[in-house]
**Q** 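Provided herewith is a single structure, encoded as structure tokens, for subsequent inquiry.
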Amino acid sequence: MEFLEVAKETLLKGKTRCPCNKCKLNKWFDLGEVGGHILFNGFYKNYRQWIFRRRVEESNTLEIPNDQENVVGRDDMNGLLRAAFKVDNSPQPTNKPQDPSLSEANFEDEYSYDMHEELNFECEEDDEFPSTNTNEEEAKYKRLREASDEGLYEGCTTFSKLSFLLHLFHLKCMFHWSAASFNKLLELLLDAFPYIKEFSSSYYEGMKIMNDLGLGYEKIHACPNDCMLYWGEFAGKSECHICHRSRWKNVKEKEGESSVKDKGTCKKGVPAKVMRYFPLIPRLKRLYMSSKTAEDMRWNFDRKDGNIISHPADGEAWKMFDKRYEEFAKDPRSVRLGLASDGFNPYRLMNTSYSTWPVILIPYNLPSWICMKSTSFILSVLIPGKQGPGMDIDVYLQPLIHELKLLWEGVDAFDAYSGKNFKMRAALHSTINDFPAYAMLSGWSTRGYKACPSCVDSTHSYSFGGKIVYPGCRKWLPVDHPYRSQTNEFDGTEEHGLAPVRVSGTEVLKQQEKVKYVYGKSKVVQKKRGRLEDDELDDDDDDNDQDESNRVLWKKKSKLFELEYWEHNPLRHNLDVMHIEKNVCDNFLGTLLDMRKSRDDKNARLALKKLNIKSHLWPQSHQVVLTTICLRLHTLCLKKRKKDFLQSYKILKFLMGMDLICKGV
């Protein structure tokens, strides 16, 4: 190989920079090991001009950097810092004449490679990304570089101070350590190992170092009634302009300071409610700053689905979006995002009333075996509160929607894989959530007789045993399907209807614009009210002639329609199928085994009798109170049969991840 022949004459201390795809000129090895790296990892495609292979007499100022001779730690901290701060440590080429045999033209003749030609896409690119680091960023980089170059203690080659701190914070996140326990661990480590050099002695000091790596979050004050955010034009307000509640907490005065009992004072500086927002643009930029993830972000561009849906890129919605927005689709680096949200109790106490709602983004550009891993998720919004935000979740999505608008127009970013600056664009592909969160994000009411978002106002439903049921699922079957004519197996009727036509985004937007919704939970709500008395709809006399379906079905206009492309997105919202399957499995097994989640009771039996179906399950006339009623399917309710069923269930094998869900049934 010509490269190895040239490298023999330009060795420095018996070593040379390794130009393989893995090392990328950042590490020094002997010539034999460099040849093995090139053979197994391939040649670094962006190294076209061999500026590091000059004669020794022409490059007497080129030396192996000290940080490469004495690398501290098993982790590539220097590579992490270079990617985070866009630092290129490669020496710049000099103006001295170069050997014609080593010219760029001769190199390209043998090892030419055009990435854009291979990927077959067109995009606007500038020259190499200029250094945009400010003095403050340079100071941060210098501090972090010093921490990464300094061993944890004298003679330590496993951890540097920075890498050890990163590992500690990683463990804290994985195992949910509190800040107090983290402080105690640091105190114990410093007491047990006094030879450790100057190291962070508390969680606070460690966070100051971690903050230099960037990707922090913003604290945005919010109205405790979820009416508004103190953000943007309202950042300087001191009270909510909707409910007029103070921005600050009411702190009770100490005894003797006031003669009025339970009088509270508004203490400025202690916000009543704080939302955490994690900016999206720098996180997407960071994905392209690393050559490893930047290459994965192009995965979906040239792949072939083979008529198998294994990724959102295989679906019709993705392809229809590409046809409508061709300029966006022709660049493989355009980002597609999924949005998911659900509530959980962070205190793990079921008797504690608290609900935190995270909003998570999923980069669908990544391969299917990577994008759904927790390490690929992007936390965007963290909404605290004793209660969930409900329909007011749009209030907290305002900063995210603002950034999505900027990303649709395009922001400057650096692609480490191609070594070029480009305009990074991103679009929200769809949302994925359970049924209650579906209502919160879409604005559709998923409660009552018109809860189906696909059938909308043609939803077939009625009351059955005190519960609302939706038996119209057979209309989605082919017209000649035998289930359509079966009566006793279903609700006693035949199904002759056809599946409704999906409503377009334009039509949905027209319907939602007729609904007037006021954000916030300060409105007076009756304890019991019908659907037509929903407090979130405007009931003025001017709207009395409005169509009832339009007035009832939509509860608000979704903020997502502020995105230019959302109206034309064919698939805006998805349901979490695994979540629904788990709930159905719980109810099914609970009914079979007469457990707590059983749906078999006296009202259900009476409803069967009213429909004149399944007479063997009707309650007998001599039974006054039915306390324990089970389905009499081959005497499954007997203890022995229950035990046999559970033994068989125990040895069943499930797909990866499903076994954890089924163990909780």
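Keep in mind that the numbers below use all heavy atoms, side chains included, and drop hydrogens, waters and symmetry copies.
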**Q** Does some side-chain heavy atom of Cys223 sit less than 4.5 Å from a side-chain heavy atom of Cys243?
**A** yes
**Q** Once side chain to side chain donor-acceptor pair (under 3.5 Å) is applied, do any residues pair with Asp576, and if so which ones, sequence neighbours excluded?
**A** none
**Q** With sequence neighbours excluded, tell me which residues meet side chain to side chain contact (heavy atoms under 4.5 Å, CB included) with Glu326.
**A** none
**Q** Can you find a side-chain donor-acceptor pair between Ser430 and Asn574 that sits under 3.5 Å?
**A** yes
**Q** Considering only residues two or more places apart or on different chains, which pairs with a residue in residues 497-506 satisfy side-chain hydrogen bond (donor to acceptor under 3.5 Å, both in side chains)?
**A** Thr506-Glu567
**Q** Test of understanding: with side chain to side chain contact (heavy atoms under 4.5 Å, CB included), list the residues that count as partners of His241, not counting sequence neighbours.
**A** Met228, Phe234
**Q** What pairs with Cys452 under side chain to side chain contact (heavy atoms under 4.5 Å, CB included), at least two apart in sequence or on another chain?
**A** Ser454, Cys455, Thr459
**Q** For Phe588, give me all partners under ring-ring contact (aromatic ring centres under 6.0 Å, His included), at least two apart in sequence or on another chain.
**A** none
**Q** Who are the salt bridge (Lys or Arg N to Asp or Glu O under 4.0 Å) partners of Lys273, not counting sequence neighbours?
**A** Asp226
**Q** Please report whether the ring centroid of His311 lies less than 6.0 Å from that of Trp299.
**A** yes
**Q** Could you list the residues that satisfy ring-ring contact (aromatic ring centres under 6.0 Å, His included) with His568, not counting sequence neighbours?
**A** none
**Q** Keeping to residues at least two apart or across chains, list the salt bridge (Lys or Arg N to Asp or Glu O under 4.0 Å) pairs with something in residues 468-493.
**A** Arg474-Asp491
**Q** Can you list the residues that meet the ring-ring contact (aromatic ring centres under 6.0 Å, His included) rule with Phe278, with sequence neighbours excluded?
**A** Tyr217
**Q** Indicate, with yes or no, if the rings of Phe422 and Tyr288 have centres closer together than 6.0 Å.
**A** yes
**Q** Below 3.5 Å, can you tabulate the donor-acceptor pairs from side chains in residues 356-367 to any protein atom, sequence neighbours excluded?
**A**
residue	atom	partner	partner atom	Å
Trp357	NE1	Ser355	OG	2.9
Asn365	OD1	Arg336	N	2.7
Asn365	ND2	Met297	O	3.3
Asn365	ND2	Ser334	O	2.8

**Q** Can you label the angle between the Tyr519 ring and the Tyr517 ring as parallel, tilted or perpendicular, going by 30° and 60°?
**A** perpendicular
**Q** Report yes if the distance between the aromatic ring centroids of His402 and Trp408 is under 6.0 Å, otherwise no.
**A** no
**Q** Who pairs with Leu575 by side chain to side chain contact (heavy atoms under 4.5 Å, CB included), at least two apart in sequence or on another chain?
**A** Phe435, Tyr438, Ile580
**Q** Treating Gln512 as the side-chain partner and Ser558 as the backbone partner, does any N or O pair qualify as donor plus acceptor under 3.5 Å?
**A** yes
